[in-house]
Amino acid sequence: PPPLLEPLFPPQPGASPGFVERVRQHKVRLEWVRAEPAALRGAVRVLNLAYEKVVSVRYTLNGWASCAEAAATYQPPGPADGITDRFTFLLPLGAAAAAAETALEFAVRYRVAGAEYWDNNEGKNYRLRGRQRVPPATGPPQDPDSSAWIHFI
């Protein structure tokens, strides 16, 4: 099976206690990520400061020798908290996602009302590394009763 990108951070920061308060303080926070065969999918929460806003994800696969930026898309309806909006993104990694030595880094940018806010994982960037998936064990199929006692009469 192809390698899988493994987050080097909790993949669902939005599930941790106090998440909405962190969004309120920092204006933008990664909510979750999920590795897919040739991409990385995720969601971002932003504080609703104005109607017009732009959210994007800047990422690199080569230690910032070069980078790309992917726009995030608004996802209605908004979260039930009434003060944040959710945006989703898809980073198309193509063949790079299939390499076990892949090292992906990214940060989230939120532009609103003439200001710019970043979520770069407290200065460390969000990092994922390629990890070879362990193939399922092969061999003869196991009999579900193989561990049962055999009784002789």
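Because the structure is a prediction, the values reported are computed rather than measured.
Between the CD atom in Glu36 and the CG atom in Leu91 there is a gap of 10.5 Å [rounded to 0.5 Å]. Note that the CG atom of Leu8 and the CG atom of Asn125 stand 12.0 Å from one another [nearest 0.5 Å]. With rounding to the nearest 0.5 Å, the separation of CZ in Phe19 from CG in Asp81 is 9.5 Å. Atoms CZ and CD, on Arg58 and Glu69 in that order, are 4.5 Å from each other to the nearest 0.5 Å. If you take CG on Asn62 and OG1 on Thr102, they are separated by 11.0 Å, rounding to the nearest 0.5 Å. Interatomic distance, CG of Asn48 versus CZ of Arg86, reported as 13.5 Å (0.5 Å rounding).
Linking ILVMFWY residues whenever their side-chain heavy atoms come closer than 4.5 Å, directly or via other members, leaves Val57 and Val54 in distinct clusters. Hydrophobic clustering (ILVMFWY, side-chain heavy atoms < 4.5 Å, transitive): Val28 and Leu90 are in distinct clusters. Note on Val20: it clusters hydrophobically with Tyr74, by side-chain heavy-atom contacts below 4.5 Å among ILVMFWY residues. Side-chain heavy atoms closer than 4.5 Å link hydrophobic residues (I, L, V, M, F, W, Y) into clusters, and following such links, possibly through other members, connects Ile83 to Phe87. Taken together through direct or relayed side-chain contacts under 4.5 Å among Ile, Leu, Val, Met, Phe, Trp and Tyr, Val108 and Trp32 form parts of separate hydrophobic clusters.
When only modelled atom types and interatomic distance are considered, Arg22 and Ser16 share a side-chain donor-acceptor pair under 3.5 Å.
Closest approach of Leu5 to Gly130, counting heavy atoms only: CD2-N, 4.0 Å. The two residues Phe9 and Asn121 come nearest to each other via the heavy atoms CB-ND2, 4.2 Å. The heavy-atom pair separating Ala50 from Ala113 by the smallest distance is CB-CB, 4.4 Å. Annotation for Leu40 and Leu93: closest pair N-CD1, 4.2 Å, computed over non-hydrogen atoms.
Results of the side-chain hydrogen bond (donor to acceptor under 3.5 Å, both in side chains) test with Asp119 over Arg109, Lys27, Arg29, His26 single out Arg29 as the only residue that passes. In summary, of the residues considered (Trp64, Tyr126, Tyr59), a ring-ring contact (aromatic ring centres under 6.0 Å, His included) with Phe106 occurs for Tyr126 alone.
No donor-acceptor pair closer than 3.5 Å links the side chain of Thr88 to the backbone N or O of Ala43.
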Exercise. Does the side chain to side chain contact (heavy atoms under 4.5 Å, CB included) test come out yes or no for Val33 and Phe89, once each step is laid out?
Worked result: CA-CA 9 Å; Val33 294; Phe89 63 87; 4.1 Å; yes
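A salt bridge does not link Arg45 to Glu21: none of the charged side-chain nitrogens sits closer than 4.0 Å to a carboxylate oxygen.
Counting non-hydrogen atoms of neighbouring residues, nucleotides and ligands closer than 6.0 angstrom, the CD atom of Glu52 reaches no more than 12 such neighbours.
Side chains of Val46 and Val112 form no contact here, defined as non-hydrogen atoms less than 4.5 Å apart.
Note: Tyr110 and Tyr117 have tilted aromatic rings, judged against thresholds of 30 and 60 degrees for the angle between ring planes.
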